[in-house]
There are 2 protein chains.
Amino acid sequence: MMSEEHSLFIETWGSMGVLWGINRSMARIHAFIMLNEKPVDLETVAGELDISRGNASMSLKELRNWGVIHRVHISGDRRDFYVAEPDTWRMLFKIAIVRKEREFNPAMQALRDLLANAGLEKGSGVYTRMNDLEKSFSKFDRIMKKALGNERKSRMMLDLLNGFRD
Amino acid sequence: MMSEEHSLFIETWGSMGVLWGINRSMARIHAFIMLNEKPVDLETVAGELDISRGNASMSLKELRNWGVIHRVHISGDRRDFYVAEPDTWRMLFKIAIVRKEREFNPAMQALRDLLANAGLEKGSGVYTRMNDLEKSFSKFDRIMKKALGNERKSRMMLDLLNGFRD
DNA sequence: TAATACGTTCAGAAAGGATTGAAATATGAT
DNA sequence: ATCATATTTCAATCCTTTCTGAACGTATTA
């Protein structure tokens, strides 16, 4: 059985999932795995969280793609087991980075195109506003980069990204 | 007619809307209003973006609730007109703050409850991980606050927040 | 007063996402 | 190879969100 606090955490994490752009099931599974000292298997996940095996299977796969959980093997057992990525700071930002690349960067690009090519009058309110907005984006960009520290995009990170392109 | 760059910006902004937790229509309307030197009316919004008046009406209302656009009046005209909030940096963070309060803070609270009351063993991996996670959340919290500068929650901001509570 | 213009609301339609469950596939043991 | 078990896939279904459009309310004008 699961404690009050464990359930609360799992459900809250589930709701918060949207912040990272992951759905409820995925986020709940992620929370559940984080809360387990021992590696957990698909059967347990599906049973404890009351979701289908199919859903559990796909969600685990995607969580693995995001790099926030890992598959491990236990000798003498042929089931797959899962554990959470231990580096929490990195874990949180892995998702944020990907989302930034996918959604924020194109918007910043569109904004720069607009400023460069749309022939807005330099003195106009729209120009000023868009220029300010571009500065805001750049500022946000810098904050993001700073928050990520000096961690550079690794090969893995790029692969991950490509895997998620539409 | 609308330029290539304008359309691109509108659609990109629409896609990025999910980052702020606002839907495509709302985000597109927001972009459209930002791109207009002159105040725009509902009719124009619905026509140019090809959405129903009903949708436009509701979206404009919500955008106004978020505080990212404002309603203005033009004397001699009885239609309602809309303009974008001119302070872009503030505009972007208005939404981010509300979302943080709504989704991030409860998760941080659940995490703290878990650490305080779930009776996790101090030495265990789960405890360490959850403790690290709490530190990460606090760090993120600090970054957020820093990004917002020394701007304090104004009365208006609190009203806004309350308006959005479930 | 009637006629027109404008804005809002909301029930139902449409679209989009998430979930299931059964079939297909894979793996390991005997 | 066969059996038993574990996992993945995906079409169908369910659920949620979004959107439409007609109906209604209100204000303005004639």
Going by number, which of residues 46-57 of chain A have a non-hydrogen atom under 4.0 Å from DNA chain D?
->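 Contacts with DNA chain D under 4.0 Å: A:R53, A:G54, A:S57.
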Can you tell me how far the CG atom of A:L42 sits from the NZ atom of A:K61, to the nearest 0.5 Å?
->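 Here the interatomic distance stands at 13.0 Å.
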A:N23 has a side chain; which of C:dA18, C:dG7, C:dT9 sits nearest to it?
->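 Nearest nucleotide to the side chain: C:dA18.
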Measure from the side chain of B:L42, starting at C-beta and using heavy atoms only, and say which of C:dA5, C:dG7, C:dC10 lies closest.
->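 Ranking C:dA5, C:dG7, C:dC10 by closest atom to the B:L42 side chain puts C:dG7 first.
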A:R53 with A:E43: basic N within carboxylate O range, under 4.0 Å |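 Looking at A:R53 and A:E43, the cut-off is met.
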Quick one: on DNA chain C, does B:R71 or A:S59 contact a more 5' nucleotide (nearest heavy atom)?
->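 Final value for this comparison: B:R71.
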Take A:I22 and B:D77, find for each the nucleotide of DNA chain C with the closest heavy atom, and name the residue whose nucleotide sits nearer the 5' end.
-> B:D77
Any side-chain donor paired with an acceptor under 3.5 Å for B:T128 and B:N131?
-> no
Which donor-acceptor pairs under 3.5 Å do side chains of residues 104-117 of chain B form with protein atoms, sequence neighbours excluded?
unit_1, atom_1, unit_2, atom_2, d
B:N105, OD1, B:K100, NZ, 3.4
B:N105, ND2, B:E101, OE1, 3.3
B:Q109, NE2, B:D113, OD1, 3.3
B:R112, NE, B:E134, OE2, 2.6
B:R112, NH2, B:E134, OE2, 2.7
B:R112, NH2, B:S138, OG, 3.2

How would you label the contact of B:R79 with the nucleic acid (heavy atoms, under 4.0 Å): base, sugar-phosphate, or nothing?
-> sugar-phosphate
Which part of the nucleic acid does B:D41 contact within heavy-atom distance under 4.0 Å: base, sugar-phosphate only, or nothing?
-> nothing
Using whole Å, report how far CE of A:M26 lies from P of C:dT19.
-> 11 Å
Nearest-nucleotide wise, let me know which of B:R24 and A:K61 is further upstream toward the 5' end of DNA chain D.
->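 Result: A:K61.
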Outer limits of DNA chain D sitting under 4.0 Å from a non-hydrogen atom of chain A, read 5' to 3', are D:dA4 to D:dC10
